[in-house]
Amino acid sequence: MTTTDTGPLPATRRPPRSAPAVHSPKAARALTRPQRRAGWLLLAPGLAHMTLFVAVPMLLALGFSFFEYDFLQAPRWVGLDNYRTLLHDDRFHTALWNTTLYTVVIVPVGMALALAIALGLDQKIKARAFFRTAYYLPHMTATVAVAVVWLWLLDPNAGALNNFLALFGVARVNWLGSTTWALPAIMALGIWQGLGTKMVIYLAALQTVPAELKEAARLDGANRWQVFRNVTWPAIASGNLFVLITSVIFSFQVFEQVYVMTRGGPINSTLVLTYDIYLNAFTRLKFGYACAEAVVFLLIIGLVTLAVMRINRGARDA
Amino acid sequence: MRNTTMSTARLPRALLYAVLTLGAAVMLVPFAWMVLTALKPAAELGKGTWLPERVRWGNFADAFSAAPFDVYFRNSLLMSVSQTLITVVFASAAGYALARTPIRGRGLFFGLTVGMIMVPVYVILIPRFLIVRSIPFFGGNDWLGQGGTGWLDSWWALIVPGALAPLYIFLARQFYVDLPDELADAARIDGLSEIGIWARVMTPLIKPAVITIAVFQFQSSWNDFLWPLLVTRTDEMRPIQLGLAVFSHADIEVQWNYLMAGTALATLPMIALFLVAQRYFVEGMASAGLKG
């Protein structure tokens, strides 16, 4: 978030806080006392909320991961057992595999499509506002709502997709009831819904590409692809990195589509990590185990994010 | 001020429009399918045709008797509005404190806030649920938070835990940091209290930021699903997204025309919000991406 909206304020750093005309630090502290008191008063609710509903749960998740806790009996210390069980848990392996597959497919495909659309919309074209709204609309809408619509769109008997394909003589497919097609269908929804935000960020990044540079490159005889490769692409690097990291993080957290459309089925073909955590915690009541799974989930997200940043830095230095 | 490509041939231009239009159609088709289904009589649902032969506006009214969509809608509205109000007040307060007051350890608190942004909701979900269940003196709990259901299935659980997020505190702080000191000093000399300076001098100056935060929080509240799924038990407390999911998994055969009518209603407030506040949506997203 930048400060572009704050109006005509100087972009330079503000001067150091105007010191009171007294030289003893004690007196200075006395003068700022009302400010400090107000500061604590203003910070308190936010800090309390963050502590109670983010920081403490975070620590508790870590703590519970060493316990067996089923809600009914008191938590029982089991050390690293939950983690050991996870290593050999086929459901967990399936969920991890599906989540990875989902991410590995939808992130690059989504990014490429979004960049292509952004490049298209960056031209001088009419109805840009309409296009932007159309592409952004799915992102506005709740994932549950669009998943419900897709459920109906993919209905094997009366769904729009099968009827459309029937025009070309394609046999009806039970998209969400097939182990082959259920995960791709959920991927398609993910790509479709995520396109808008990625496109908006790319559009903003494209605004920062210096026009003179593009012009100069073209005068030097560079073709479209060369201009893109040598001028545009390097200039949008930071936007690209942001899209990449947020996409990976969001993809790993796919949940609502699965909950509404397939509930992890058929035969675990769409079981993803978040849904498995949810099942372990709230239907199997294995709270401690689910917490261990959540901790592993957090570690994976953290490691992947770090790796992406490291690779990106390496690529830039090379 | 964008440079036009010097020798744009006619064909690529037409192709560009064709591709963009096709893409836009793909984005909009599910919404069209939703609205058209919402207008069909039940007998036409199995045919798989696009346009309803007979438009049935009554589906919208009938959907309300098939499921308590009016209650869901009211719950969502109450939840979203209160969460947005709480976020706007407390995130800007905390952001201001972190940006502009000389409290000790604000660097540490700021670091913590940034760290907390990264925590995925799925990681803290289970303990958060346990905390909410263990709030003392609520829902039959004793002072140790045991024995009852705490905040579960109440407005408290629905509103409070999701009413503020570290992200919004962080965003607010980023905007306060750049304001000049002289304004606060002048107000101080005029005798305005420190809280007054926050509320009446500094916050009005970052109005676009406050609106951005409000819009983002409203959207995330309205679209929230998992948390309400965990903490509500009765239709009386369910917000609309949860209502849709429940209705689409009903044991009886799903009445798609009613479900699509309900979904269309659930979608409308977000479309309206987007049309009113799209500047803030788009700029907010875009600038987040550029500054990283």
Side-chain angles (χ1 to χ4, degrees), chain A residues 1-6 9 14 17-18 32 34-36 38-40 42-43 45-46 49-50 53-54 57-58 60-61 117 120 124 131 134-135 138 140-142 144-145 148-150 152-153 158 160 163 197 200-201 204 211 214-215 238-239 242 253 256 260 274 277 281 287 290-291 294 298, chain B residues 2-4 16 20 23-24 27-28 30 33-34 45-46 48 90 93-94 96-97 101-103 116 119-120 122-124 126-128 161 164 166 169 171 174-175 178 180-181 185 194-195 198 206 208-209 223 225 241 244-245 248 256 263 266-267 270 274 282 285-292:
Chain A
M1 208 63 46
T2 65
T3 52
T4 45
D5 288 342
T6 47
L9 295 169
R14 64 198 151 88
R17 187 166 277 281
S18 41
T32 55
Q35 292 178 41
R36 267 179 287 134
W40 283 114
L42 291 171
L43 183 63
H49 188 277
M50 200 160 75
F53 294 114
V54 186
M58 178 77 207
L60 280 178
I117 297 162
K124 267 203 169 146
F131 283 124
Y135 288 107
M140 300 286 313
T141 316
V144 169
V148 167
V149 175
W150 274 56
W152 173 226
L153 199 71
N163 289 313
T197 44
V200 164
I201 294 165
K214 281 199 282 189
E215 206 131 348
S238 70
F242 180 81
Q253 303 188 47
E256 278 103 334
V260 171
T274 52
I277 294 174
F287 271 53
C291 282
L298 180 66
Chain B
R2 308 228 58 85
N3 68 322
T4 43
L16 176 66
L20 285 175
M27 301 312 274
L28 295 177
W33 182 240
M34 166 184 87
L45 289 176
F90 291 127
Y96 179 81
T101 60
I103 51 176
M116 296 291 127
V119 178
Y122 298 92
V123 176
I124 52 176
I126 301 159
R128 211 187 232 198
L164 199 60
I169 299 178
L171 287 181
Q174 297 307 81
F175 285 91
D178 289 327
D181 254 343
D185 288 340
E194 292 298 325
I195 304 284
W198 162 66
I206 63 154
N223 291 346
F225 167 72
Q241 309 300 343
L244 288 178
S248 64
W256 285 106
T263 312
T267 315
M270 278 307 108
F274 179 72
V282 173
M285 274 316 300
S287 49
L290 288 187
K291 257 204 174 168

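In this text, all values refer to a predicted model and were calculated from it rather than measured experimentally. In what follows, every chain begins at residue 1, and chains take the letters A, B, ... in the order their sequences are listed.
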Novice: Quick check on the interface: out of B:Val119, B:Leu28, B:Val123, who has the most heavy-atom pairs with chain A under 4.5 Å?
Specialist: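 When all of B:Val119, B:Leu28, B:Val123 are compared, B:Val123 has the most.
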Novice: Go through the atoms of A:Trp40 and report whether side chain, backbone, both or neither lie under 4.5 Å from a heavy atom of chain B.
Specialist: both
Novice: B:Ser248 and A:Val260: which non-hydrogen atoms are nearest, and at how many Å?
Specialist: OG-CG1, 4.4 Å
Novice: Relative to chain A, which segment of B:Tyr122 carries a heavy atom at a distance below 4.5 Å: side chain, backbone, both, or neither?
Specialist: both
Novice: Quick check on A:Met50 against chain B: is it the side chain, the backbone, both or neither that has a heavy atom closer than 4.5 Å?
Specialist: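 Only the side chain of A:Met50 comes within 4.5 Å of chain B.
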Novice: Find the one option among A:Thr274, A:Thr197, A:Leu60 whose heavy-atom pairs under 4.5 Å with chain B are most numerous.
Specialist: A:Thr274
Novice: What is the distance from atom CG of A:Leu42 to atom OG1 of B:Thr101, rounded to the nearest 0.5 Å?
Specialist: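 With rounding to 0.5 Å, CG (A:Leu42) is 7.0 Å from OG1 (B:Thr101).
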Novice: So does B:Leu20 get a backbone contact from the side chain of A:Tyr135, meaning a donor-acceptor N/O pair under 3.5 Å?
Specialist: yes
Novice: How are the rings of B:Trp256 and A:Trp152 set to each other: parallel, tilted or perpendicular (split at 30° and 60°)?
Specialist: parallel
Novice: Taking A:Ala160, A:Ala134, A:Pro34, A:Pro45 one by one, which has the highest count of heavy-atom pairs under 4.5 Å against chain B?
Specialist: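 When all of A:Ala160, A:Ala134, A:Pro34, A:Pro45 are compared, A:Ala160 has the most.
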Novice: Return the minimal non-hydrogen interatomic distance between A:Val54 and B:Met116, and the atom names on each side.
Specialist: CG1-SD, 3.4 Å
Novice: Might you point out which heavy atoms bring A:Asn163 and A:Ala158 nearest each other, and give the distance in Å?
Specialist: ND2-O, 3.4 Å
Novice: So which residue, B:Pro127, B:Gly23, B:Pro120, ends up with the most heavy-atom pairs under 4.5 Å with chain A?
Specialist: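 Top option by heavy-atom pairs under 4.5 Å: B:Pro127.
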